Amino acid sequence: MRRLILALTLLLPSMAFAASGGLERLSADNDIMDKASLQAGAKLFVNYCMGCHSAQYVRFQRIGKDLGLSEEELKQNLMFSAEKVGETMTIAMDNDDAERWFGVMPPDLSVIARARGTDWLYTYMLTFYLDPSRPMGVNNLVFKDVGMPHVLWERQGWQKPVYKTVTDDKGNTHQVVIGVDLVDKTDEAKAKADQYKKDVRDLVNFLEYIGEPAKLERHRLGWKVILFLVIFLGFAYVLKKEYWRDVH
Ligand code: HEC
């Protein structure tokens, strides 16, 4: 019974979020053990994201090793500006330019999957919608007034917002965006949008993977600390015995 109560208390914050946000998170359902997906995600990342975002803690070499790509394949498929495989995924964009263009510097994405979670990233990439009032012409369901353009619109097709009318305490009605819908409803457009979901899954998979090495490092360090404590305890015990021998 106590376990049940504990489990329920842990669930509460997420339920509260679901109730207040009103928007359902989509499930990324990605698998970081799937190498083909990671390779596809890496390719999308360097082609479509690295114009603006870096992943400065990630080395090409490491990606090659983990994803099973030779140095040649790395150079041909993933490295456009970098020259040596030992380099990290940095970009040339300058802070001032970025602020002029987007109002904000696009953040480094090395650990974004840990900061936001994979479901959030998946939902984010899938819910850009047309909004003429915004400088980039788009808004986003999970990132209100986002400064990023919908860089993959050609792969997804445009989406328009779905509104719901709500009445506030004072009896005024407002239109709120509760979802998105494809503008083009042809079978061809739908098939394209479905393929885009797969692409985004690969992309999110890659983002989760690049956030992982640091996680692995932390686990490894954790074990070292515990091992140290255990050994230290042994020493402390021997010392204690040594000190007390004369007293007894
Ligand atoms: C043309 C420049 C540009 C490109 C290309 C671009 N982004 Fe962005 N991105 C931005 C900007 C600017 C922001 C900051 C938005 C803000 O804070 O309003 C951003 C924000 C983000 C965020 C949210 C970060 C946060 O604060 O939590 C994610 C995730 C993201 N981008 C992912 C991507 C991915 C994945 C790609 C490649 C498919 C990509 N971006 C391509 C400009 C870009």
Side-chain angles (χ1 to χ4, degrees), residues 17 21 23 25-30 32 34 37-58 60 63 67 77-82 88-159 161 177 180 192-212 214-215:
F17 173 81
L23 298 171
R25 279 286 159 86
L26 305 168
S27 169
D29 209 16
N30 60 308
I32 60 168
D34 181 347
S37 160
L38 289 176
Q39 289 176 0
K43 219 165 177 174
L44 286 169
F45 184 76
V46 293
N47 279 305
Y48 291 98
C49 315
M50 274 184 76
C52 299
H53 294 279
S54 56
Q56 60 178 341
Y57 300 113
V58 184
F60 286 103
I63 295 180
L67 271 56
N77 295 308
L78 300 183
M79 295 169 57
F80 302 128
S81 55
T88 59
M89 301 180 104
T90 48
I91 58 165
M93 192 185 289
D94 163 70
N95 216 333
D96 291 345
D97 283 344
E99 298 219 343
R100 220 173 29 244
W101 296 330
F102 310 109
V104 49
M105 181 75 187
D108 184 88
L109 296 182
S110 307
V111 292
I112 194 70
R114 279 199 274 150
R116 291 291 203 176
T118 46
D119 288 352
W120 186 91
L121 287 174
Y122 184 71
T123 313
Y124 172 71
M125 293 307 297
L126 285 178
T127 60
F128 279 90
Y129 63 87
L130 290 168
D131 181 351
S133 73
R134 299 292 309 151
M136 297 292 159
V138 286
N139 213 320
N140 189 281
L141 272 194
V142 288
F143 195 140
K144 194 173 175 317
D145 295 345
V146 68
M148 173 170 142
H150 185 13
V151 292
L152 291 172
W153 71 270
E154 277 177 301
R155 286 181 168 251
Q156 182 179 34
W158 290 116
Q159 299 186 116
V177 181
V180 288
K192 192 162 102 173
D194 281 344
Q195 176 57 43
Y196 175 69
K197 284 186 191 158
K198 296 201 183 93
D199 292 345
V200 171
R201 178 162 296 135
D202 294 339
L203 194 52
V204 171
N205 206 15
F206 179 70
L207 290 174
E208 179 174 12
Y209 150 74
I210 60 172
E212 280 293 294
K215 203 174 183 177

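Worth saying up front: this structure is predicted, and the values here are computed from it rather than measured. As the structure lists them, so they are numbered: ligands from 1, and atoms in each ligand from 1.
In terms of protein heavy-atom proximity, atom 24 (C) of ligand 1 is nearest to P107 CG, 3.6 Å. Nearest protein heavy-atom neighbour of atom 32 (C) of ligand 1: L109 CD1, 3.7 Å. When only non-hydrogen protein atoms are considered, atom 29 (C) of ligand 1 lies nearest to L121 CD2, 3.4 Å. Given atom 35 (C) of ligand 1, the protein heavy atom at minimum distance is C49 SG, 3.5 Å. If you check which protein heavy atom lies closest to atom 7 (N) of ligand 1, you get H53 NE2, 2.8 Å. When only non-hydrogen protein atoms are considered, atom 12 (C) of ligand 1 lies nearest to F102 CB, 3.4 Å.
Not a single N, O or S atom of C52, from either the backbone or the side chain, sits less than 2.8 Å from atom 8 (Fe) of ligand 1.
Of the N and O atoms on the side chains of D29 and S27, not one donor lies less than 3.5 Å from an acceptor on the other residue. Side-chain contact of Y48 with R155: a donor-acceptor pair under 3.5 Å is present, judged by distance alone.
L152 and Y196 get closest at one heavy-atom pair: CB-CE1, 3.6 Å. In plain terms, the two heavy atoms of D108 and Q56 that are nearest each other are OD1-N, 2.8 Å. Here the closest heavy-atom approach between residue M136 and residue G147 is recorded as CG-O, 3.7 Å. Between Y129 and P161 the shortest heavy-atom distance is CD1-CB, 3.6 Å. In terms of heavy-atom proximity, L78 sits nearest to F60 at O-CE2, 3.7 Å. Annotation for L44 and L203: closest pair CB-CD1, 3.8 Å, computed over non-hydrogen atoms.
Each of the atoms 35 (C), 38 (C) of ligand 1 lies under 4.0 Å from some heavy atom of L203. Against a heavy-atom cut-off of under 4.0 Å, L152 is close to the following atoms of ligand 1: 38 (C). Of all the atoms in ligand 1, the ones that sit under 4.0 Å from a non-hydrogen atom of G147 are 12 (C), 15 (C), 16 (C), 18 (O). Numbered from 1 in the order shown, with element, the atoms of ligand 1 that lie under 4.0 Å from a heavy atom of R116 read 25 (C), 26 (O), 27 (O).
Of the listed residues (M148, M136, E99, M105), the one carrying the non-hydrogen atom nearest atom 33 (C) of ligand 1 is M148.
Ring pair H150/W158 is perpendicular by interplanar angle, where above 60° counts as perpendicular and below 30° as parallel. Classification of the W120-Y124 ring pair by plane angle, with boundaries at 30° and 60°, yields parallel.
The closest approach between a heavy atom of G51 and any atom of ligand 1 is not below 4.0 Å. Ligand 1 has F143 within reach: a non-hydrogen atom of the residue lies less than 4.0 Å from it.
Contacts between Y124 and ligand 1, counted as non-hydrogen atom pairs separated by less than 4.0 Å, involve the side chain only.
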